[in-house]
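To keep things clear, I will list the structure first and then write my remarks on it.
This one's a predicted model, so the numbers in the text were calculated from it and none came from an experiment. Count residues from 1 along the sequence.
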Amino acid sequence: MELPCVEESYASRAQNLTILFPESFWGDDNLAILLQRCDAGSLQQWYEYKQSSHDEESEAQWRVKVKSGQVDVIKSVDDAQKLSEDEIRRVSDCFSAYCAEAIASYEQSGVIAVHGVDHMLSAFLFCGYAHPELVDWDSFVKLMLSNAEALQDKRWPLKFLIHFSNELPDGIREELFSMLSCFVKSCEDKANIVYWLAYEAMALLCEDERQNIIDYLISNKRYNAVARIVQRFPAERYVQLMVTMLKMGPAGMCDTAAGALTKLELCNFGGVIVTETVEDIMANGTLAQKEWIAEAVIEFTEEIPARMRERLIALEDSIGSSMKKALKEKLDV
């Protein structure tokens, strides 16, 4: 699993990476990546959690704690899916009360006099994933758009929502993306918040608004974020910028630019200069650049242009095994 634009210290949080995902997530490939990317402490916490969740005595104790209102024991999507509708509503009510208290406290004194946001927010989001129609999303929106929560505390809940967005009902999904779009527009530190967010939230911005954010990011030297936005929203106007980033930027910037240029090529933007640049990367680029190309191709939802297929087939042997498998499946369709 990749978590672009999330600092390693946050990626290693058990809440953000390990116990966050449902049982179906934990195949061998994902577990291998977890072993490579996460610290031993969070991995141990995950194993302890999975072991206790299959223990009958522990399960019975967990049920008692849930019924007594201890929301901090709801630590995963799997936990939330075991709750009744009434229990889900109670968690949502607790979260709504917390939001109102936190916002009021901040507005009155400039500090938050209530505690427990991590546990409360985690439980709410897990329940929201399990039963999105039963929870109070309005309270979540108000909390995210308020100053009662520090920006760094908003990272993982927003990443969570994006990760599971396809599982949510269309109406709620649109509402959440609208909220995220508003969040991007209203946040003073656009360089940071756009860098953290998955960029689907920017789909509800108009082209000029996206351009304004890109200009802001460039002025703050957040070139990786710029390339990510271009990869998500390709347009002819970005061709020269991405070519320049590839040729003149440091290694990390060149990697993300390779992905953006691939998306421009897939969408037939840029003509010969983009085609030749992408072909050169596939033949002579670094492993990281080639994997960014593969990622852009894998996530592309339309038919792969015939002019790219032969080189992409040759590319399969020069990338990691899990990405190679996904690329092969994409090309075999």
Among Ile281, Val297, Thr277, Val274, which residue meets the side-chain contact (heavy atoms from CB on, under 4.5 Å) test with Thr262?
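Among Ile281, Val297, Thr277, Val274, the one that satisfies the side-chain contact (heavy atoms from CB on, under 4.5 Å) with Thr262 is Val297.
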
Does this structure show an ion pair linking [X] with [Y], if we count only N-O contacts that are shorter than 4.0 Å?
| X | Y | result |
| --- | --- | --- |
| Lys82 | Asp78 | no |
| Asp93 | Arg90 | no |
| Arg228 | Glu299 | no |

[X] and [Y]: which non-hydrogen atoms are nearest, and at how many Å?
| X | Y | value |
| --- | --- | --- |
| Leu217 | Ala225 | CD1-CB, 4.0 Å |
| Leu266 | Pro305 | CD2-CD, 3.7 Å |
| Cys267 | Phe300 | SG-CE1, 3.9 Å |
| Phe140 | Leu125 | CE1-CD2, 4.0 Å |

Answer yes or no: is there a side-chain heavy-atom contact under 4.5 Å between [X] and [Y]?
| X | Y | result |
| --- | --- | --- |
| Glu329 | Lys325 | yes |
| Thr286 | Lys290 | no |
| Leu331 | Glu316 | yes |
| Glu291 | Gln289 | no |
| Glu279 | Met308 | no |
| Glu85 | Ile88 | no |
| Leu287 | Ser318 | no |

Is it true that Phe95 and Trp137 have ring centroids separated by less than 6.0 Å?
no

Is it true that, when you exclude Glu310 itself, more than 12 heavy atoms of the residues, nucleotides or ligands shown sit nearer than 6.0 Å to its CD?
no

Look at the side chain of Glu236 and the backbone N and O of Gly270, then say whether any donor-acceptor pair between them is shorter than 3.5 Å.
yes

For Ser92 and Asp136: C-alpha separation, side-chain torsions, deciding distance, then whether side-chain hydrogen bond (donor to acceptor under 3.5 Å, both in side chains) applies.
CA-CA 6 Å; Ser92 180; Asp136 179 11; 5.4 Å; no

Listed by chain and number, what are the salt bridge (charged side-chain N to carboxylate O under 4.0 Å, His left out) partners of Lys67, not counting sequence neighbours?
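Per chain and number, Lys67 pairs via salt bridge (charged side-chain N to carboxylate O under 4.0 Å, His left out) with Glu87.
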
Going by ring pair (Phe, Tyr, Trp, His ring centres under 6.0 Å), name the residues that satisfy it together with Tyr238, two or more places apart in sequence or in a different chain.
none

Using a 6.0 Å distance limit plus a 45 degree cone around the ring axis, check whether Lys263 lies over the aromatic ring of Trp292.
no

